[in-house]
Amino acid sequence: MLEAGMYQEKYRVDGKTAFITGGGRGIGLCAAHALAEAGARVIIADRDAEALRAGRQTLIDLGHRSVEAMVLDVTNVGDVGRAADTWNATFGSVDILVANAGIAWPDTGGEEMPDEAWRTVIDVNLNGVFWSCREFGRHMLGRGHGAIVTVGSMSGLISNRPQRQAHYNAAKAGVHHLTRSLAAEWAPRGVRVNSVAPGYIDTAMSGSGLRGEIGKLWLNDTPMQRGGRPDEIASVILFLATDAASLLTGSVIVADAGFTIW
Ligand code: NDP
């Protein structure tokens, strides 16, 4: 039962292939770095070709050799399906999916929310996560193993203030429950599905807010009195993707500097 080195082993993903959406920068890029450091071949996908190019170069400069990159918009279900088919065929399997691509804003009151703003945020943040889980999950179910990590948000648990973002909050709550629903369906077939729910993280999405006037309000509501770094979310993603999390499925791990305590 107890073996020397067994815990180090649990946190490794040697020989596995990981596909990360929104992987060109921010949390997605850090997740790719974390998974690559733990031994995985990584494929970063992003709709932003320039971010993708720079992100891939960053990973290579960090010493990672097995880094692929593809332009992909997760709202295009056909393209997501083709990506899943292609990479599974190329590498034999995609063992880990990080469904991370997401957008936030604009700050819009519910009563004046433009149709387009609602549709766009739901399309990327909820539909895109579902297409990714379904298309990559099918292959995992066929092989009887796989680990999916979705990126939700504390906004799926609380309603942020002072910004008004019903579209974003609703989409992230949807991601959490989608995660639990797929986890329940797929658990007997060897595929684990978990989520991380970050608080305010210093990336392109929230960095300027954290350093601006609104950030003072956010940090005042945060027990740790600071925002998070993207690598602090990548650590959780790595954990959920590895055998160290072998008993976890349908979990939503909140990593928010304590924001949701208050
Ligand atoms: P970033 O904006 O830094 O990175 C997100 C990446 O996803 C960008 O490169 C973006 O490209 C890409 N992307 C957006 N839409 C699509 C799409 N349709 N298809 C493919 N790629 C897309 O943000 P973060 O790293 O901070 O966010 C990552 C995830 O973490 C998101 O799901 C976000 O909601 C979640 N999160 C972030 C928090 C934060 O405070 N930063 C807090 C809680 C959750 P483009 O430049 O074209 O938009």
Side-chain angles (χ1 to χ4, degrees), residues 19-34 43-56 58 69-80 83 97-106 119-133 135 149-160 163 165 167-176 178-179 195-212 214-215 218-219 221-222 226-234 236-237 240 252-257 259-260:
F19 188 89
I20 301 110
T21 71
R25 67 174 195 218
I27 291 169
L29 182 61
C30 287
H33 177 31
I43 306 154
I44 54 172
D46 205 293
R47 69 177 175 184
D48 182 336
E50 180 44 34
L52 200 56
R53 192 204 56 73
R56 180 167 186 270
T58 299
M70 81 174 301
V71 174
L72 177 71
D73 183 334
V74 295
T75 65
N76 187 325
V77 61
D79 285 352
V80 175
L97 166 69
V98 183
N100 160 78
I103 53 170
W105 317 109
R119 285 206 181 94
T120 302
V121 170
I122 297 291
D123 208 19
V124 177
N125 291 11
L126 181 56
N127 295 342
V129 170
F130 178 63
W131 306 140
S132 303
C133 290
E135 298 303 315
V149 183
T150 63
V151 179
S153 171
M154 69 175 181
S155 305
L157 304 165
I158 51 94
S159 180
N160 307 63
Q163 68 271 36
Q165 49 179 47
H167 44 4
Y168 185 83
N169 299 349
K172 291 299 186 179
V175 167
H176 296 171
L178 171 66
T179 299
S195 192
V196 58
Y200 294 111
I201 306 300
D202 190 1
T203 63
M205 185 177 282
S206 299
S208 58
L210 277 167
R211 279 179 283 282
I214 200 172
W218 293 349
L219 297 186
D221 279 341
T222 306
R226 70 172 180 92
R229 300 184 312 270
D231 65 277
E232 293 179 298
I233 303 304
V236 181
I237 293 171
L240 290 172
V252 177
I253 296 193
V254 182
D256 67 348
F259 190 97
T260 53

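Atoms within a ligand are numbered from 1 in the order they appear, just like the ligands themselves.
Between Y200 and F259, the ring planes are perpendicular. Angles over 60° get that label, and only those under 30° would be called parallel.
The salt bridge (charged side-chain N to carboxylate O under 4.0 Å, His left out) analysis of residues 21-34, with sequence neighbours excluded, yields no pairs.
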Less than 3.5 Å apart, N/O on ligand 1 and N/O on the protein: could you list those pairs with the distances?
{"from": "ligand 1", "atom 1": "2 (O)", "to": "R25", "atom 2": "NE", "distance (Å)": "3.4"}
{"from": "ligand 1", "atom 1": "2 (O)", "to": "R25", "atom 2": "NH2", "distance (Å)": "2.7"}
{"from": "ligand 1", "atom 1": "3 (O)", "to": "R25", "atom 2": "NE", "distance (Å)": "3.0"}
{"from": "ligand 1", "atom 1": "9 (O)", "to": "D46", "atom 2": "OD1", "distance (Å)": "3.2"}
{"from": "ligand 1", "atom 1": "9 (O)", "to": "D46", "atom 2": "OD2", "distance (Å)": "2.7"}
{"from": "ligand 1", "atom 1": "11 (O)", "to": "D46", "atom 2": "OD1", "distance (Å)": "3.3"}
{"from": "ligand 1", "atom 1": "15 (N)", "to": "R47", "atom 2": "NE", "distance (Å)": "3.3"}
{"from": "ligand 1", "atom 1": "18 (N)", "to": "D73", "atom 2": "OD1", "distance (Å)": "2.9"}
{"from": "ligand 1", "atom 1": "19 (N)", "to": "V74", "atom 2": "N", "distance (Å)": "3.0"}
{"from": "ligand 1", "atom 1": "21 (N)", "to": "R47", "atom 2": "N", "distance (Å)": "3.4"}
{"from": "ligand 1", "atom 1": "25 (O)", "to": "I27", "atom 2": "N", "distance (Å)": "2.8"}
{"from": "ligand 1", "atom 1": "26 (O)", "to": "T203", "atom 2": "OG1", "distance (Å)": "2.5"}
{"from": "ligand 1", "atom 1": "32 (O)", "to": "N100", "atom 2": "O", "distance (Å)": "2.7"}
{"from": "ligand 1", "atom 1": "32 (O)", "to": "K172", "atom 2": "NZ", "distance (Å)": "2.9"}
{"from": "ligand 1", "atom 1": "34 (O)", "to": "Y168", "atom 2": "OH", "distance (Å)": "2.6"}
{"from": "ligand 1", "atom 1": "34 (O)", "to": "K172", "atom 2": "NZ", "distance (Å)": "3.0"}
{"from": "ligand 1", "atom 1": "40 (O)", "to": "I201", "atom 2": "N", "distance (Å)": "2.9"}
{"from": "ligand 1", "atom 1": "40 (O)", "to": "S206", "atom 2": "OG", "distance (Å)": "2.6"}
{"from": "ligand 1", "atom 1": "41 (N)", "to": "I201", "atom 2": "O", "distance (Å)": "3.3"}
{"from": "ligand 1", "atom 1": "41 (N)", "to": "T203", "atom 2": "OG1", "distance (Å)": "3.1"}
{"from": "ligand 1", "atom 1": "46 (O)", "to": "R25", "atom 2": "NH1", "distance (Å)": "3.2"}
{"from": "ligand 1", "atom 1": "46 (O)", "to": "R25", "atom 2": "NH2", "distance (Å)": "3.4"}
{"from": "ligand 1", "atom 1": "47 (O)", "to": "R47", "atom 2": "NE", "distance (Å)": "2.8"}
{"from": "ligand 1", "atom 1": "48 (O)", "to": "R47", "atom 2": "NH2", "distance (Å)": "2.9"}

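Residues meeting the side-chain hydrogen bond (donor to acceptor under 3.5 Å, both in side chains) test with D123, sequence neighbours left out: N127. Listed by chain and residue number, R229 satisfy the salt bridge (Lys or Arg N to Asp or Glu O under 4.0 Å) test with D231 (two or more places apart in sequence, or in another chain).
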Practice problem: List the steps and the verdict of side chain to side chain contact (heavy atoms under 4.5 Å, CB included) for H176 and L157. | Solution: CA-CA 9 Å; H176 296 171; L157 304 165; 4.0 Å; yes
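Rounding to the nearest 0.5 angstrom, the gap separating the CZ atom in R47 from the CG atom in D79 is 13.5 Å.
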